[in-house]
Structures are given as structure tokens and as C-alpha cells.
S.K.: 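Take this structure first; my questions come after.
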Amino acid sequence: MLVHLKTQLQTLLQNALSVAYPDQLNSLPIELDIPTEKVFGEYSSNIALKSAKIFKKAPTVVANEFLAIFTMAIEKSPLKDKIAKIEVKNPGFINFFLTPTALYDVVYQIFKDEANYGRLNFGQNKKIQIEFVSANPTGPLSIAHARQAAVGDALANIFNFIGFKADREFYVNDEGNQINILGRSVAQRAQELLGEKVDFLEDNYQGDYIKDMAKEFMAQHKINNLDGLNATKPETFSQWAADYLLNVIKKELDDFGVHFDTWSHQSKIATAEKIVAVLDVLKGKGFIYEKEGAWWFKSTDFGDDKDRVVKKSDGSYTYLTPDIVYHKDKFDRGYERLINIWGPDHHGYIPRITAVVEALGYKKDNLNVLIVQLATLFRDGKPVSMSTRRGQYVSLREVMTEVGVDAARYFFLMRHISAHLEFDLELAKKATPENPVFYIQYAHARVYSINKKAQEAGIQVQRNKLSLLKEEAELDLIKKMGWFADVLLFCYDQLDPYPLVNYLHELATAFHKFYDQHRVVEENKELSGERLALVNSCRIVLANGLMLLGLTAPESM
RNA sequence: GCGCCUGUAGCUCAGUUGGAUAGAGCAUCAGCCUUCUAAGCUGAGGGUCGCACGUUCGAUUCGUGCCAGGCGCGCCA
């Protein structure tokens, strides 16, 4: 992998410089960038530009001095066969060019690792928890949840691939006001169904699914008259409805290909005793005070705008309080890093929960809250508005059935998580060149097609000894494949799967360009064998990347 | 009023954390299939990187101040 070669080269250059200039450069680490233009080589360093001032010389002069040092160091090292040339370019960049031999190593590596190509032990098995979706069980999932699901799942895949132990967790808010309202909504719809004239309350859940649930509730509880209904306790409605909808949500996520490791319930984690205990802890640390009959958490000590009520004057708790218990519980379970994925409507809540983490004695950096921006859905050129309450929204279920899981997941991932996303349902459905979904998958499928032709022609994959791949399109493709792991690290750094989407698109472009210019199955059998190795190594990288994003890698299209 | 996100081609967006001539897709126009899948490839046109200062060898990137759009600012959840 080129990421390893880069590290080796970097270390070599750093050592060479510190020997040559023991004093001047001690605080200036050498960094290798991937140049935007390939005429500038595979790696580029701006060290001469940065250190020109220290030496009081022109950057190109410094660069040429470094060039001599680097050339000698590489000549004496095992990297001698990997570096083709080094050059200085204005205004003072030092560019490194790899030999074909160095690039062929990428292909050998891919065949050696196959489905594990790109795997790193970077994470050293550290436990990370990614909590996402965590929708209230009061209705089917919306496309806002769908995007969070696609992002969280892909992130977990990537983290695990680079050596972390990442768990997916869904937190179920199965208590509180919204659940009571849900129960009441079902109860009132049931009354209606039994012929009673009901004043259906405005803040009830208005969606049609409530009516279906009312029917189902009565069937399951064998209720067929008003007496039976009135004898039923409100909690029975609430608990049944929350359970019912949680199962709906589980099924939706399952069908969407998102599988959680842990479903934690507020009712089980944030029990009355644990709430009392955690408030005690905070009180002991001096972060709780009483004012106007309520208990306040001094979140301003940690940068929040204002202090927050944790126990209301009527004795009940706010939304924040069980969340304190929950976050303590996460750390108690041994996670070194917590990642919460929330919608933009919760971003005002971040300083509060960060304050909680710090007050509990953990570092601010132990928790990252990612805000996944909304996806605006378009249908026939018009935006579709959403409101759970009114029940007028496009659900994950609808999107899945309309455009398919692959297209849906791709669209949800095709922008940075912080960018508003335009999701055109009509476009996602189309099997035309306007639709970006198939571009990557098409490259993968094309390799299978080549394999079939190659088999007919009796050509074997040459995976041990490459020497004939010299064309620009061939070498470009190999370079792209070599940077796979680099991209995964970048995703980790950014906490965003988007760079991988972008990368796979670029990899597919490199493949399609090669495909268009050169034939794999051709006269020269040796060349064919090597090209067959090239496209199949590309297939492996594409498949690995698609798998991490939760997309299928079709063998034909 | 305060906080967060966003502002780059007609449209939707990249731009690897301060680098080299600012890129891609769509749309428009012009080409490429008797040969491995044309869901592909090649080319053309299209830009005051919201505006103004500042920081330095160098700013789309960093800082400050404006302008515009979105979201959030409860003893709601």
C-alpha cells in the first residue's frame, strides 16, 4: 500500500535531514503530499519552502541542497528501487516519482490481501461506540434518520476495517411525554373505531399508521367494545405502541442493511436509582445547585450558554437528566471514544452534553457529536416537506421501495455529512447516465465481463510477475488503488464516510479510462495476463470500498 | 440578539487542512461501438471562489468585519 511506502520515505527523509542539519530543522517535520497534478509526481514536499526563512536562502536553493541529501539517502536505502527520480520545481517543491516496480507491489499486495486489502491496525482494537438513529419509537423512520443510518453504518464499517472495535448502538427513548402522547393517540383512534365521537387532540400523532395500530391493538387484546377499552390502563397503550413501533423501526433498518450491535432502552438504563446516584455524584463535585425550587447543572462551567435544569420544581426530570446517566453508562461499558450522530435540530444540545461528559470527569475529546444535515427530498422538482406529527412525510420505507437500497444509501452518502443534501427521487430511480449511483458498480461489473471473455480465450491472471504494464492509464489506475488505505484514514480523521465515496468514483473513472483505451483480451497473451491482474485487483478494491459503504458489488448489470 | 452549518461554473457539489494552471457530474454543443457491457470514453464553451480588509514567499483554505440562506436558542422531548 502506498500509505506504507509514504511513511517509509518520510522517515528516511526526516532522518537524512536531521543528520545534515541537527539544529536548524528540529521543529519542522517533513510532510509528503499527493500532488494535484500527476506531472508533479506521486509525492511532493514543501519542506524547502517552509525552511527557506531559517536558512535565509531562496526556496529553490534550499530545495536543491535537500535534493542532494535526499538522493544520497535513498541511494543507500532499500527504497532505491522504488523511487524513479526526484526533482525540484518552482517555487521550491521537491517532487518524488515512483518506479513501475513500486507500483506493481500494490497489485501483488491486493492479491495477497484480497478482501482484507486496505485493512490497518491503526485503531489498535480501541473500543469506539457509534450511537445513531436513536429515533423515538413514535412512528416510522424518516429520511433524516435514513441518512443518519447510512452514515453511521458506513463509519462503523470503516472504523472496524482500520482496526478499531466499533459498536453500533441505538438508544430507545421508551419513556416520557412523547410515548404518553403516542399511547393516547392509539387509544383515541381505538375509540373512534368503536363508533365513539372523539375530539382527536391536535398534538396527537396524526399519521394513518396510528389507526392501523389501534385496530391491531384491539385485536391483540381482544377488545371489541368501549367498556373493554376504558378498562385499559394508559400505560398499556403506551408500552404496547412503543414496542410495536420499535419493531417496525427494527425491520426498516434491517431491510436497509443497517444492523445494530446494541439496543439500549432508556427505561432500563436511566432508572430512578441511577438518576439519583448520578445527580449525587455531580452534586458531590459541586456542579449542582438549587434555585427557585429546581436543581440546576452548572454547564456554564464547561462553556455552555446557560446552566440547565436537571430536576424541575415539580420533582420530575428534564430530557437531559436520563441522558447524563446514559452517557456515564457508555463510558462505564469501556468505550474510549463516543460518537453521537444527531440531526441538525439537536445541535444546540451539544454544549450541554459535552459539559456532562467533562463534569463526569472525562475529556471533551472523548465525545464527538456529528451533525448530519437534512436531506431535502425532491419529487417532480418540488421539495417534499416533513412533519412527523402531521404524518405527512416521506419515510425511509417509501424511499427504499421506490429507489432501492443501493441508490438510497449512495445518495445519502454522496455529500459531506455537514452539507445539505438534495435527494431527487426521480433521478435516483433512473437507469440513465444522469444517475451517479451506477458508475462505480458498473466498473465492478465490467471486470466480470472481461473475466468471462478472458476465460474463453484461455488467459490466466498473472499475479506474481508484472513487467509489461507501462501505459499511462494502467499506471494511473494502480496509483489510485494504492491510495485506498490513505482515504480510509482520512475518513477517520474527518469522521465522514464521504471521502471514500469520492475516492471510489475516482477509482472507477481511472478504470473506465483504461477500459476505453486498452483491451485486456488481445493478441499478446502475456500482456493480457498482466492486464487481467490489473483489472481484477481493481475489482477487489472496488468491492472492498463498496462493502464499507454498505453497497452491493454486482457481477453484472 | 447569541450560537452552529452553508455560500466555488446555468444547476448539484469536490477541492486531502496554506501550495503549483480552481476540478467533477448534470445541462448545452461536437465526436467515439463489425473487437472485453456506450449505465462508458474524448473534446468545447462556461469562474470577481458572497464582499472588504488583514496574516505571508504563497489564501478557495487561516483571522476580523460585513452580506445572504438554513437550523437552533424551554423547568419541551
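These figures come from a predicted structure and were not determined experimentally. In what follows, chains carry the letters A, B, and so on, assigned in the order in which the sequence lines appear, proteins first and then strands, with residues in each chain numbered from 1.
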S.K.: Pick the P atom in B:C4 and in B:U64, then give their distance to the nearest Å.
M.R.: 10 Å
S.K.: Would you say A:E31 and A:N46 are linked by a side-chain donor-acceptor pair, where the criterion is simply a distance under 3.5 Å?
M.R.: no
S.K.: Which nucleotide, B:C71, B:A39, B:C41, lies nearest any side-chain atom of A:M557?
M.R.: B:A39
S.K.: Which of the following nucleotides, B:C5, B:C36, B:U12, is nearest to the side chain of A:S418?
M.R.: B:C5
S.K.: Mind checking A:F93 for me? I need base, sugar-phosphate or nothing, with any heavy atom below 4.0 Å counting as a touch.
M.R.: base
S.K.: Which nucleotide in the set B:C75, B:G23, B:C36 lies at the smallest distance from any side-chain heavy atom of A:Y515?
M.R.: B:C36
S.K.: Round to a whole Å and report the spacing from CD of A:E422 to C1' of B:C11.
M.R.: 9 Å
S.K.: Just how far, in rounded Å, is C1' of B:G72 from CD of A:Q373?
M.R.: 11 Å
S.K.: Step through it carefully: locate the ring centre of A:F93, locate the ring centre of A:F40, and say whether they are under 6.0 Å apart.
M.R.: no
S.K.: If the threshold is 4.0 Å, N to carboxylate O, is there a salt bridge linking A:D203 and A:R184?
M.R.: yes
S.K.: What do you reckon, is CD of A:E456 surrounded by more than 12 foreign heavy atoms closer than 6.0 Å?
M.R.: yes
S.K.: With a 4.0 Å cut-off on heavy atoms, is A:Y448 in touch with a base, just the backbone sugar-phosphate, or nothing at all?
M.R.: nothing
S.K.: Of all the choices, B:C75, B:G72, B:C36, which nucleotide is nearest to the side chain of A:I450 once you look at every atom?
M.R.: B:C36
S.K.: Tell me what A:E522 touches on the nucleic acid: a base, only sugar-phosphate, or nothing, going by heavy atoms under 4.0 Å.
M.R.: nothing
S.K.: Taking atom P in both B:U6 and B:G15, compute the distance separating them and give it to the nearest angstrom.
M.R.: 11 Å
S.K.: Taking 4.0 angstrom as the limit, do A:K480 and A:D476 come out as a salt bridge?
M.R.: no
S.K.: Would you kindly give the CG-to-C1' distance between A:L546 and B:A39, to the nearest whole Å?
M.R.: 15 Å
S.K.: For A:K53, report the nucleic acid contact type (base, sugar-phosphate, nothing); a contact means any heavy atom under 4.0 Å.
M.R.: sugar-phosphate
S.K.: Does the side-chain ring of A:Y442 lie flat on the base of B:G40, meaning centres under 5.5 Å and planes less than 30 degrees apart?
M.R.: no
S.K.: Using the side-chain heavy atoms of A:Y439, tell me which of these nucleotides is nearest: B:C41, B:U12, B:C36.
M.R.: B:C41
S.K.: Tell me what A:W296 touches on the nucleic acid: a base, only sugar-phosphate, or nothing, going by heavy atoms under 4.0 Å.
M.R.: base
S.K.: Checking only heavy atoms, does the side chain of A:N180 share a donor-acceptor pair with the base of B:A77 at less than 3.5 Å?
M.R.: no
S.K.: Give A:D496 one of three labels, base, sugar-phosphate or nothing, depending on what nucleic acid heavy atoms sit under 4.0 Å from its own.
M.R.: nothing
S.K.: Quick check: on RNA chain B, is the nucleotide nearest A:H512 upstream (toward 5') of the one nearest A:N451, or the reverse? Name the residue that is more 5'.
M.R.: A:N451
S.K.: For B:G15, does OP1 or OP2 lie under 4.0 Å from any side-chain N or O of A:T36?
M.R.: no
S.K.: Who pairs with A:H518 by side chain to side chain donor-acceptor pair (under 3.5 Å), at least two apart in sequence or on another chain?
M.R.: none
S.K.: With a 4.0 Å cut-off on heavy atoms, is A:K312 in touch with a base, just the backbone sugar-phosphate, or nothing at all?
M.R.: base
S.K.: Look at all strands and tell whether A:D33 reaches a base, only sugar-phosphate, or nothing, counting heavy atoms closer than 4.0 Å.
M.R.: sugar-phosphate
S.K.: Roughly how far apart, to the nearest Å, are B:G47 and B:G23 at atom C1'?
M.R.: 12 Å
S.K.: In terms of side-chain heavy atoms of A:A419, which of B:U12, B:A20, B:A14 is nearest?
M.R.: B:A14
S.K.: Round to a whole Å and report the spacing from CD1 of A:I34 to P of B:G15.
M.R.: 14 Å
S.K.: By the 4.0 Å heavy-atom rule, please label A:A445 as base, sugar-phosphate, or nothing.
M.R.: base
S.K.: Using whole Å, report how far CG of A:L507 lies from C1' of B:A24.
M.R.: 16 Å
S.K.: Please state the C1' separation for the pair B:C66 and B:A24 - nearest whole angstrom.
M.R.: 32 Å
S.K.: Going by atom types alone, do A:S142 and A:H145 pair a side-chain donor with an acceptor below 3.5 Å?
M.R.: yes
S.K.: Just checking A:Y492 against A:F122, ring centres under 6.0 Å apart?
M.R.: yes
S.K.: Under 4.0 Å between a side-chain N/O of A:R446 and OP1 or OP2 of B:A38, yes or no?
M.R.: yes
S.K.: If you check the A:K453 side chain, which of B:C36, B:C41, B:C71 turns out closest?
M.R.: B:C36
S.K.: Give one of base, sugar-phosphate or nothing for A:H518, where a contact means two heavy atoms less than 4.0 Å apart.
M.R.: base
S.K.: What contact category does A:N136 fall into here, base, sugar-phosphate, or nothing, at under 4.0 angstrom with non-hydrogen atoms?
M.R.: sugar-phosphate
S.K.: Does any donor-acceptor pair link the side chain of A:H505 with the base of B:G25 at a separation under 3.5 Å?
M.R.: no
S.K.: Please identify each residue that fulfils side chain to side chain donor-acceptor pair (under 3.5 Å) with A:N451, with sequence neighbours left out.
M.R.: A:N536
S.K.: Between A:L49 and A:R519, which is nearer to the 5' end of RNA chain B once each is assigned its nearest nucleotide?
M.R.: A:L49
S.K.: What distance, rounded to whole Å, do you find between the two P atoms, one in B:G31 and one in B:C36?
M.R.: 24 Å
S.K.: Could you check whether the side chain of A:S313 and the base of B:C75 have a donor-acceptor pair of N or O atoms closer than 3.5 Å, going by distance alone?
M.R.: yes
S.K.: Mind checking if A:P59 touches a base, just sugar-phosphate, or nothing, with heavy atoms under 4.0 Å?
M.R.: nothing
S.K.: Determine the stems involving RNA chain B; a stem requires 3 or more consecutive pairs of the Watson-Crick or G-U wobble kind, each with both distances below 3.5 Å, and the answer is none if no such run exists.
M.R.: B:1-7 with B:67-73, B:10-13 with B:23-26, B:28-32 with B:40-44, B:50-54 with B:62-66
S.K.: Distance check, P atoms only: B:C13 and B:U8, in whole angstrom units.
M.R.: 9 Å
S.K.: Can you find a side-chain donor-acceptor pair between A:S44 and A:D33 that sits under 3.5 Å?
M.R.: no
S.K.: In whole angstrom, give me the gap between the P atoms of B:C2 and B:A9.
M.R.: 29 Å
S.K.: B:G40 phosphate, OP1 or OP2: any side-chain N/O from A:K513 under 4.0 angstrom?
M.R.: no
S.K.: Is the base of B:C29 syn or anti, if syn means a glycosidic angle within 90° of 0?
M.R.: anti
S.K.: Within the pair A:K306 and B:G74, is there a side-chain N or O less than 4.0 Å away from OP1 or OP2?
M.R.: yes
S.K.: Across the strands shown, which category fits A:S44 at heavy-atom distances under 4.0 angstrom: base, sugar-phosphate, nothing?
M.R.: base
S.K.: When the distance from CZ of A:R352 to P of B:G72 is rounded to whole Å, what number comes out?
M.R.: 14 Å
S.K.: Determine whether a donor-acceptor pair (one donor, one acceptor, N or O, separation below 3.5 Å) exists between the side chain of A:N46 and the base of B:G19.
M.R.: yes
S.K.: Quick one: A:F55 CZ to B:C57 C1', roughly how many Å, whole number?
M.R.: 16 Å
S.K.: For the residue pair A:E292 and A:S313, confirm or rule out a side-chain donor-acceptor distance under 3.5 Å.
M.R.: no
S.K.: What nucleotide among B:C36, B:G72, B:A20 has an atom nearest to a side-chain atom of A:H347?
M.R.: B:G72
S.K.: Give a yes/no verdict on a cation-pi contact between A:R539 and A:Y448, requiring under 6.0 Å between NZ or CZ and the six-membered ring centre and an angle within 45° of the axis.
M.R.: yes
S.K.: In whole angstrom, what separates A:Y498's OH from B:U12's P?
M.R.: 15 Å
S.K.: If we take the P atom in both B:U60 and B:C53, what is their distance in whole Å?
M.R.: 14 Å
S.K.: For A:H416, answer base if it contacts any base atom (sugar-phosphate contacts may also be present), sugar-phosphate if it contacts only those atoms, and nothing otherwise; contact means non-hydrogen atoms under 4.0 Å.
M.R.: sugar-phosphate
